[in-house]
Amino acid sequence: MNIVILAAGKGKRMHSDLPKVLHPLAGRPLLAHVIDTARSLSPSRLVVVVGHGAQQVRTAVAADDVAFAEQTEQLGTGHAVMQALPLLDPAQPTLVLYGDVPLTTPAALAGLVAAAGAERFGILTVEMSDPTGYGRIVRDAAGSIVRIVEQKDASEAERAIGEINTGIIVCPTGHLQRWLATLGNDNAQGEYYLTDTVARAAADGVEIVSAQPAALWETLGVNSKVQLAELERIHQRNLAQRLLEAGVTLLDPARIDVRGELSCGRDVVIDVGCVFEGRVHLGDGVQVGAHCVIRDSVVDAGARLQPFCHLEGAHVGPAGRIGPYARLRPGAELGEDVHIGNFVEVKNSRIAAHSKANHLAYVGDATVGSRVNIGAGTITCNYDGVNKHRTVIEDDVFIGSDTQLVAPVTIRRGATIGAGTTLTKEAPADKLTLSRAKQMTLDAWQRPVKLPKP
Ligand code: UD1
Ligand code: CA
């Protein structure tokens with residue numbers, strides 16, 4: 001089968017410089033969703049018709065299996081499909097999709113394609129209580145489809161028809177080629193209508209069949225930010241439904257956003273307001289507190305993220321305790337039962353099992369052993385303004401509060417670092433190391449008193 005995706009339109013009502021089909025839904029361009037759906041049908045040719053912002057659109061969705069046809073002037077949907085014809089296999093039927101209709105399911109398309117077979121003309125239609133704006137499906141007394149009439153060209157009686165053209169059609173390519181060549185633009189919009197091929201099919205005695213999607217939202221398109229926001233909610237509701245069906249507990253399925261792939265083990269609990277981006281895996285029994293943002297990360301079984309954590313490119317080991325208000329940046333690799341508390345930032349650092357940094361710390365470019373305690377206000381000074389250096393903290397180290405570890409520096413196993421230390425040299429194993437000005441008390445000192453006004 002050939003698939004043609006129409007994506008040349010400008011999207012004036014988006015009021016945006018970004019081509020309409022590149023506006024993101026669940027973090028990815030609308031057109032990328034349509035291309036994914038198209039791929040699920042394993043087409044032999046996949047052609048995207050580009051026009052407005054052609055170069056930008058090509059770059060955004062470029063792939064080995066995607067070909068592009070350019071429609072320099074938007075003269076109508078029929079004209080758009082015509083631009084793709086030279087790239088199609090005439091021996092296979094052609095399915096036409098829209099780059100701004102992102103939520104059609106593979107099942108709906110497969111149903112349409114199966115109904116049409118190799119010889120029939122297939123149209124995906126739906127019944128609408130308010131069909132305003134859409135092309136209406138006109139049937140004869142026997143119930144056979146004979147043509148499609150656009151809203152602007154329709155008579156009063158035709159406008160009363162509730163069955164509409166979703167725009168998605170499938171048709172034998174040889175016929176399509178012939179019919180498109182005969183199209184005129186003598187209509188209310190002065191456009192070459194793809195929908196006019198339906199009447200041509202009827203005249204040629206080609207059978208026209210219809211199929212319906214399981215849900216109306218599958219056929220909704222995006223023409224404005226309002227519609228984009230509506231489809232985003234529908235999509236997120238569907239994703240939440242899938243998570244619930246797979247056994248994930250969502251404290252409110254209306255308050256989760258998944259912009260990528262979220263996979264979950266058993267007995268995962270997700271509180272409200274969380275955002276998942278890229279590829280995220282949550283192991284068995286993981287609990288995610290309210291308002292966490294997690295991107296491209298893995299959280300192992302039994303770990304618990306308290307509210308307001310931000311994770312990116314991080315790995316939380318089994319039974320970890322993270323947050324509230326923790327930030328794990330790329331390369332944060334935490335072992336089993338590691339505790340990262342409030343206002344602690346970890347970047348490009350490996351922290352081994354049972355170690356803790358519970359309050360107000362920065363751990364960057366560090367290798368931290370097991371059972372290490374990193375006190376409040378500890379900072380790895382990893383950056384000298386030019387280069388980054390590593391800090392090595394071996395097993396069973398205890399670091400007192402408000403300590404600066406000036407990298408490159410190593411703390412040997414079992415060492416204790418006194419509070420307030422600025423560590424610039426290696427700290428030996430099992431000893432107390434500290435750098436601290438001696439405490440003193442001035443007995444003769446007195447508080448100043450306020451002078452009387454002159
Ligand atoms: C079209 C159908 C209408 C159907 C409706 C469903 C025609 C003539 N009408 O109307 O029956 O009910 O979709 O939404 O087909 N495009 C191009 N190049 C063009 C024109 C359009 O690529 O020259 C693309 C647009 O970017 C859009 C899609 O084709 O993605 C549909 O075009 P649009 O102008 O929105 O068609 P409608 O008037 O809504
Ligand atoms: Ca439209």
Side-chain angles (χ1 to χ4, degrees), residues 3-14 16 18-23 25 29-31 33-35 38 47-54 57-58 61 68-85 95-104 121 123-128 130-138 145 147-154 158-159 161-171 176 179-180 183-200 208 210 213 216-224 227-228 231:
I3 297 185
V4 175
I5 302 175
L6 304 190
K10 181 169 161 68
K12 225 187 335 187
R13 282 189 283 150
M14 298 296 279
S16 167
L18 191 66
K20 177 163 78 171
V21 293
L22 295 187
H23 280 266
L25 180 101
L30 291 168
L31 179 57
H33 289 268
V34 182
I35 290 174
V47 181
V48 177
V49 180
V50 293
H52 276 283
V57 175
R58 279 174 191 253
V61 299
F68 295 93
E70 197 144 339
Q71 186 193 26
T72 40
E73 265 186 296
Q74 277 68 63
L75 302 179
T77 48
H79 180 260
V81 173
M82 241 185 275
Q83 312 312 305
L85 284 176
L95 173 68
V96 178
L97 305 177
Y98 289 0
D100 57 2
V101 179
L103 299 185
T104 321
F121 193 121
I123 309 171
L124 194 70
T125 74
V126 290
E127 277 289 336
M128 281 191 170
D130 177 13
T132 309
Y134 291 94
R136 308 298 205 283
I137 305 293
V138 181
I145 297 174
R147 64 194 180 93
I148 293 176
V149 61
E150 293 303 304
Q151 165 88 20
K152 288 183 177 147
D153 304 290
E158 287 164 340
R159 286 184 185 187
I161 298 171
E163 187 184 10
I164 63 100
N165 169 33
T166 63
I168 294 172
I169 62 144
V170 60
C171 175
L176 188 62
W179 296 329
L180 285 174
L183 290 187
N185 63 352
D186 181 17
N187 51 50
Q189 301 182 76
E191 287 182 3
Y192 297 90
Y193 291 165
L194 178 61
T195 45
D196 281 351
T197 57
V198 176
R200 301 287 197 282
I208 305 159
S210 69
L216 186 64
W217 49 256
E218 294 190 46
T219 66
L220 297 178
V222 172
N223 296 303
S224 66
Q227 289 169 337
L228 180 62
L231 289 198

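As the structure is a computational prediction, the values presented were derived from the model and not from experiment. As the structure lists them, so they are numbered: ligands from 1, and atoms in each ligand from 1.
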Practice prompt. Answer yes or no: does an N/O atom from Thr195 fall short of 3.5 Å to an N/O atom of ligand 1?
Written response: no
Practice prompt. Please lay out, stage by stage, how Glu191 and Leu75 fare under the test side-chain contact (heavy atoms from CB on, under 4.5 Å).
Written response: CA-CA 5 Å; Glu191 287 182 3; Leu75 302 179; over 6 Å; no
Item to complete: Could you check if a side-chain atom of Leu231 sits within less than 4.5 angstrom of a side-chain atom of Pro102, using non-hydrogen atoms only?
Response: yes
Response to the item:
ligand 1 atoms nearer than 4.0 angstrom to some heavy atom of Asp100 are 27 (C), 30 (O)
Worksheet item: Is the shortest heavy-atom distance from the side chain of Asp153 to the side chain of Glu158 under 4.5 Å?
Response: no
Worksheet entry | Those atoms of ligand 1 less than 4.0 Å from some heavy atom in Ala8 | 17 (C), 18 (N), 22 (O)
Discussion item. Quick test of your reading of the structure: of Pro19, Gly221, Gly9, whose heavy atom lies closest to atom 25 (C) of ligand 1?
Written reply: Gly9
Worksheet item: Considering only heavy atoms, does Glu150 approach ligand 1 within less than 4.0 Å through its side chain, its backbone, both, or neither?
Response: side chain
Practice prompt. Taking only heavy atoms of Tyr193 into account, list the atoms of ligand 1 that are under 4.0 Å away from them.
Written response: 8 (C)
Response to the item:
Which of Thr197, Leu183, Leu194, Val47 passes side-chain contact (heavy atoms from CB on, under 4.5 Å) with Val81? Answer is Leu194
Practice prompt. Just jot down the ligand 1 atoms closer than 4.0 angstrom to any heavy atom of Leu75, in number order.
Written response: 23 (O)
Worksheet entry | Polar proximity ligand 1 side, Asn223 side, N/O cut 3.5 Å exclusive | no
Item to complete: Applying side-chain contact (heavy atoms from CB on, under 4.5 Å) between Ser16 and each of Arg13, Lys12, Met14, report the one that passes.
Response: Met14
Discussion item. Testing His79, His52, Lys10 one by one against Gln74 for a side chain to side chain donor-acceptor pair (under 3.5 Å), which residue passes?
Written reply: His52
Worksheet, complete the sentence: Within 4.0 Å of some non-hydrogen atom of Gly135, the atoms of ligand 1 are 3 (C), 4 (C), 11 (O), 12 (O)
Fill in: Under 4.0 Å to a heavy atom of Leu6 - the qualifying atoms of ligand 1, by number
22 (O), 24 (C), 29 (O), 30 (O)
Worksheet item: Taking distance alone, with no angle check, do Tyr134 and ligand 1 share an N/O pair under 3.5 Å?
Response: no
Worksheet item: With respect to Ile137, which candidate in Val126, Val149, Asn165 satisfies the side-chain contact (heavy atoms from CB on, under 4.5 Å) definition?
Response: Asn165
Worksheet item: Between Lys152 and Asn187, is any side-chain donor less than 3.5 angstrom from a side-chain acceptor?
Response: no
Fill in: ligand 1 atoms in contact with Thr77 (distance to a heavy atom under 4.0 Å)
7 (C), 8 (C), 15 (O), 20 (C), 21 (C), 29 (O), 31 (C), 32 (O)
Worksheet entry | Worked check of side-chain contact (heavy atoms from CB on, under 4.5 Å) between Ile123 and Ile148 | CA-CA 10 Å; Ile123 309 171; Ile148 293 176; 4.0 Å; yes
Worksheet item: Does the side chain of Leu103 reach to within under 4.5 Å of the side chain of Leu220, using non-hydrogen atoms?
Response: no
Practice prompt. Determine whether any heavy atom of His79 lies closer than 4.0 Å to an atom of ligand 1.
Written response: no
Worksheet item: Measuring from the heavy atoms of Thr166, does anything fall under 4.0 Å of ligand 1?
Response: yes
Discussion item. List ligand 1 atoms under 4.0 Å from Gly76, heavy atoms only on the residue side.
Written reply: 19 (C), 20 (C), 23 (O)
